[in-house]
A.B. asks: 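Provided herewith is a single structure, encoded as structure tokens, for subsequent inquiry.
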Amino acid sequence: NETNFLELTLLARMISHGGVRCLYIALASCLCLSSPIVAGQHGCENLAFCIPSRRLCHTRRFSLNQDRSYNSDGTLLNKAFADQIQRLVEQRSRARWQGLYADADALKEEIQQLSPSGYEIILQDEPRKNGGATTWNIMPIRISAAQEQELFQQQFPGPSVLNLAHAALGAAVESTVQTSISRAQATVNTMDEGQNEQEGQRALHRNQDYREQSREELFVQVKQRLEKIHHSPRMISYELGGRKAADAAFWLALAGCKDQELLERLADVASIELERFGERSSCRSKDVYQILERFAAAGLQRHERLLQVARKSLSCKENSDNKKSTEDEQRDCSLDFHSDRSLLLIWKFSTKQKKQFAFLQAARRHWQGYVQKRKEPAFIESAFISTYQSNQFNQNGISNDWVTMFDDPTRPLVVDIGCGMGVSLLGLGLTSISKDLSGVESSRLLLRDDSNHRSSALTWSDCNYVGVDLGGLGVGYAIGTAQRWGLQGRLQFVVDTAEGFFERSKDYPGEIALCLIQFPTPYRLPKEGGNMQLPTSQFDGFMVTETLLESIHLNLLRSNGKLLLQSNCEDVAVFMRNLACDHVGFTFETEDSQSPVSCSFENPQPKRVPQRTLDWIAMGGERAIGPGWFQTPVFHKEGCTETEKACLLNHTPVHRCLLRV
């Protein structure tokens, strides 16, 4: 009956797994069933019946020579079909024994062509010394990664989240001003002189509007894609497995995404993934930290579920190298925008190192391919557009509309020239609204005016901030982050030239209290070789010119404001200070005249002297040593730039001086 059959099935399976084959056949032969019996040499050698398996429910066909077959639907394998396979297998065994290997290969191909849909017949040949027999079974076909991808694409058609984020980043790269002024001017000169301004403005706005609209469309598509795959854990693992969700979040932030909810959804996906694989031995602590650092660099300030899962995952990892204590690990397990890991990641992109530069160019090509698929009209040459990019705020009046830019345009203004990714101003802006961040001592040093005691109570929370840079990618990243943090009423970023911005800042209702020039791109030293992408000299292509310093001096004069100069190149720092003091009229302050800044991050003593500094010393150059040179950071942790953080971690000297009018 059915009960006895199931009992025998279970017992037979246990015995089979134990390897007691004889007992298995004996028990099976003793039970009288209606199942078909296949005649053999010894009468009851072959018995067909169902045996459940963990992989799939299938039928095995057992014999003394261990011929086996698996049925695809869990029922008895058709006797005629099994006999057909068995006959071909026996013919092949005889062909191999006789050395007719060509015939054996032909029979093997014929056997495999009999495989049911979704399954394949597996042949296993034993050596001649063991009898040369052949065993066979039917197993489900394992789907390759490419086939699995095709199945997922059929179920969820369209580009993946990562592809959409990459294309959005490419659109942001396309919008940046990366072409030199000389090339842009050469392009403009080829046009008719009377029409180039008007036509250039139209081209600029047309292309900018299109890219902005396209990026917003891509952001919406990412959101829709996440909604579509969110309820399919297998699809999430396939499309956003590992750290892919964190990569997508960082790329979207670089593209200027202003949607906080979108980043939070990606963090939800990353939490699901960490719950899936975070406690496995294959998941290293490094992998968890990389996920956190990318979300932190994207500007995600809090996500309790992600942090909880990350801490749980890290607590399971054995600290074999003993390089970090548990306290240090818990401190790093956070979404701190100004953490070492986060700022180093941003620094790699801001300096456009070789690997990151190649990645950004690949994103740009991805965007161009996306445009071609949509069959949109071609863009105007980037070099032509870049010429007018700097005029955007001049022509349409945005930079002069202080009432629109700030909630209170009468507040003192802090200007960062060459702000890059805007890290320093984002930190200062966050200091202005956050109660748990301390910037009192740095504000006392940089904002205090001893002549009229104007700023005895002036802090960062009393200021407005503007970052100015020609790099559209960094400015877009900073704008998106500032908006997601709710800082747009105090903090603005513009794409403009330094001279152009200060020329149009004369009508600012308040006073300009502080100007920052931090780590400008250095020029080449007067020696053979060197980086040919750098400006030729301090007088040819270098950002800091006498004209710029005069414009800054004029704007700071009415408020007795200050100018902070910082560089990790000693010759650049010396040149900037000498130019400002000897030719423009600035005077430097000494470190002893101010209260020291107590920074909330470690300030290791520099141990490594860069090769550029060694070359400068060998040339007999003036040293950045003595009165007026600050040996310690002047900003608190949140005001530190990504470049300064990299220098501190790499033990590279930073040369600072604070000037007043």
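What's counted below: heavy atoms across the whole structure, side chains too, no hydrogens, waters or symmetry copies. Here the structure is a predicted model, which means the values were calculated and not measured. Quick note: residue numbers are just sequence positions, from 1.
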A.B. asks: Looking only at atom types and distance, does a side-chain atom of Ser567 sit under 3.5 Å from a main-chain N or O of Val572, one as donor and one as acceptor?
C.D. replies: no
A.B. asks: Decide, yes or no, whether a salt bridge links Asp336 with Lys637 under the criterion of side-chain N to carboxylate O below 4.0 Å.
C.D. replies: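 Yes, Asp336 and Lys637 are salt-bridged.
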A.B. asks: Please report the closest heavy-atom contact between Ala298 and Leu263, naming both atoms and the distance.
C.D. replies: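 That closest heavy-atom pairing would be O-CD1, 3.8 Å.
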A.B. asks: Side-chain contact test, heavy atoms from C-beta onward, threshold under 4.5 Å: evaluate it for Ile138 versus Ser115 and give yes or no.
C.D. replies: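 With C-beta onward as the side chain, the pair stays apart.
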A.B. asks: Hey, are the side chains of Val414 and Asn464 touching, using non-hydrogen atoms and a 4.5 Å cut-off?
C.D. replies: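 SC-SC contact between Val414 and Asn464 ruled out.
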A.B. asks: Taking the side chain as everything from C-beta on, heavy atoms only, tell me whether Thr641 gets closer than 4.5 Å to Trp347.
C.D. replies: no
A.B. asks: Would a 4.5 Å heavy-atom cut-off, applied to side chains only, mark Ile346 and Leu344 as touching?
C.D. replies: no
A.B. asks: Taking only Lys NZ, Arg NE, NH1 and NH2, and the carboxylate oxygens of Asp or Glu, determine whether Arg215 and Glu174 approach each other closer than 4.0 Å.
C.D. replies: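 No salt bridge links Arg215 with Glu174.
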A.B. asks: Let me see the working for His166 and Phe359 under ring-ring contact (aromatic ring centres under 6.0 Å, His included), right down to the final yes or no.
C.D. replies: CA-CA 10 Å; His166 197 245; Phe359 169 77; 5.3 Å; yes
A.B. asks: Would you say the rings of Trp485 and Phe337 are close, in the sense that their centroids are separated by under 6.0 Å?
C.D. replies: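 Yes; Trp485 has its ring centre under 6.0 Å from that of Phe337.
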A.B. asks: Tell me, with the steps shown, if Ser271 and Arg305 meet side chain to side chain donor-acceptor pair (under 3.5 Å).
C.D. replies: CA-CA 7 Å; Ser271 303; Arg305 182 183 179 187; 4.5 Å; no
A.B. asks: Taking the side chain as everything from C-beta on, heavy atoms only, tell me whether Leu218 gets closer than 4.5 Å to Tyr370.
C.D. replies: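 Result yes, sub-4.5 Å side-chain heavy-atom pair found.
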A.B. asks: What's the shortest heavy-atom distance between Ala245 and Leu266, and which atoms?
C.D. replies: CB-O, 3.6 Å
A.B. asks: Please report the interatomic distance CD1(Ile479) to CG(Leu487), rounded to the nearest 0.5 Å.
C.D. replies: 12.5 Å
A.B. asks: Test Trp251 against Phe349 for ring-ring contact (aromatic ring centres under 6.0 Å, His included), laying out the working first.
C.D. replies: CA-CA 11 Å; Trp251 297 354; Phe349 278 88; 8.9 Å; no
A.B. asks: Are the side chains of Leu335 and Leu307 in contact, using a 4.5 Å heavy-atom criterion?
C.D. replies: yes
A.B. asks: Between Arg490 and Asp407, does the salt bridge (charged side-chain N to carboxylate O under 4.0 Å, His left out) criterion hold? Intermediate values first, please.
C.D. replies: CA-CA 7 Å; Arg490 293 179 178 272; Asp407 293 339; over 6 Å; no
A.B. asks: Only one of Lys228, Lys244, Arg225 passes salt bridge (charged side-chain N to carboxylate O under 4.0 Å, His left out) with Glu239; say which it is.
C.D. replies: Arg225
A.B. asks: For His303 and Asp268, what are the C-alpha separation, side-chain angles and deciding distance, and is it a side chain to side chain donor-acceptor pair (under 3.5 Å)?
C.D. replies: CA-CA 8 Å; His303 195 281; Asp268 290 336; 2.7 Å; yes
A.B. asks: Assess whether atom CD of Gln308 is packed by more than 12 heavy atoms of other residues, nucleotides or ligands within 6.0 Å.
C.D. replies: no
A.B. asks: For a quick test of reading the model, state the closest non-hydrogen atom pair linking Asp469 to Cys419 and the distance between them.
C.D. replies: OD2-N, 3.2 Å
A.B. asks: Which heavy-atom pair separates Val288 from Ser313 by the least distance, and what is that distance?
C.D. replies: CG2-OG, 3.6 Å
A.B. asks: Grab the two heavy atoms, one from Val423 and one from Cys640, that are nearest each other, plus how far apart they are.
C.D. replies: CG1-O, 3.6 Å
A.B. asks: To check you understand the geometry: which heavy-atom pair defines the closest contact between Ala296 and Ser342, and what is its length?
C.D. replies: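 Taking Ala296 first and Ser342 second, the nearest heavy atoms are C-OG, 3.7 Å.
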A.B. asks: Please report the interatomic distance OG1(Thr351) to CE(Met421), rounded to the nearest 0.5 Å.
C.D. replies: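 It comes to 10.0 Å.
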A.B. asks: What's the spacing between Phe493 CZ and Tyr465 OH if we round to 0.5 Å?
C.D. replies: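 The OH atom of Tyr465 is 11.0 Å from CZ of Phe493, to the nearest 0.5 Å.
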A.B. asks: Give the C-alpha distance, both sets of side-chain angles, the deciding distance and a yes or no for side chain to side chain contact (heavy atoms under 4.5 Å, CB included) between Ile417 and Leu516.
C.D. replies: CA-CA 6 Å; Ile417 299 298; Leu516 309 173; over 6 Å; no
A.B. asks: State plainly whether the residues Lys645 and Glu642 are in salt-bridge range, i.e. N to O under 4.0 Å.
C.D. replies: no
A.B. asks: Please walk me through it: do Ile229 and Leu240 pass side chain to side chain contact (heavy atoms under 4.5 Å, CB included)?
C.D. replies: CA-CA 10 Å; Ile229 70 174; Leu240 292 172; 4.2 Å; yes
A.B. asks: To the closest 0.5 Å, what do you measure between CE (Met405) and CD (Gln492)?
C.D. replies: 5.0 Å
A.B. asks: Only one of Arg484, Lys223, Arg265 clears salt bridge (charged side-chain N to carboxylate O under 4.0 Å, His left out) with Asp259; which?
C.D. replies: Lys223
A.B. asks: Just do the side chain to side chain contact (heavy atoms under 4.5 Å, CB included) check on Gln518 and Phe635 with the steps written out, would you?
C.D. replies: CA-CA 12 Å; Gln518 305 184 83; Phe635 278 120; 3.7 Å; yes
A.B. asks: Got a second to check how far Phe277's CZ is from Ile272's CD1, nearest 0.5 Å?
C.D. replies: 12.5 Å
A.B. asks: Are the side chains of Leu300 and Phe250 in touch, meaning some heavy atoms are under 4.5 Å apart?
C.D. replies: no
A.B. asks: Out of curiosity, Cys647 SG to Arg608 CZ, how far, rounded to the nearest 0.5 Å?
C.D. replies: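 Reported value, rounded in 0.5 Å steps: 8.5 Å.
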A.B. asks: Taking the cut-offs as 6.0 angstrom to the six-membered ring centre and 45 degrees off its axis, would you call Arg612 and Tyr523 a cation-pi pair?
C.D. replies: yes
A.B. asks: Are the side chains of Val309 and Glu275 in touch, meaning some heavy atoms are under 4.5 Å apart?
C.D. replies: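 A side-chain contact under 4.5 Å exists here.
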A.B. asks: Would Val161 and Leu226 satisfy side chain to side chain contact (heavy atoms under 4.5 Å, CB included), going step by step from the backbone distance to the final call?
C.D. replies: CA-CA 7 Å; Val161 170; Leu226 285 173; 3.9 Å; yes
A.B. asks: Does a sphere of radius 6.0 Å around CZ in Arg302 hold more than 12 heavy atoms from other residues, nucleotides or ligands, not counting ones at 6.0 Å or beyond?
C.D. replies: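 Incorrect, the count does not exceed 12.
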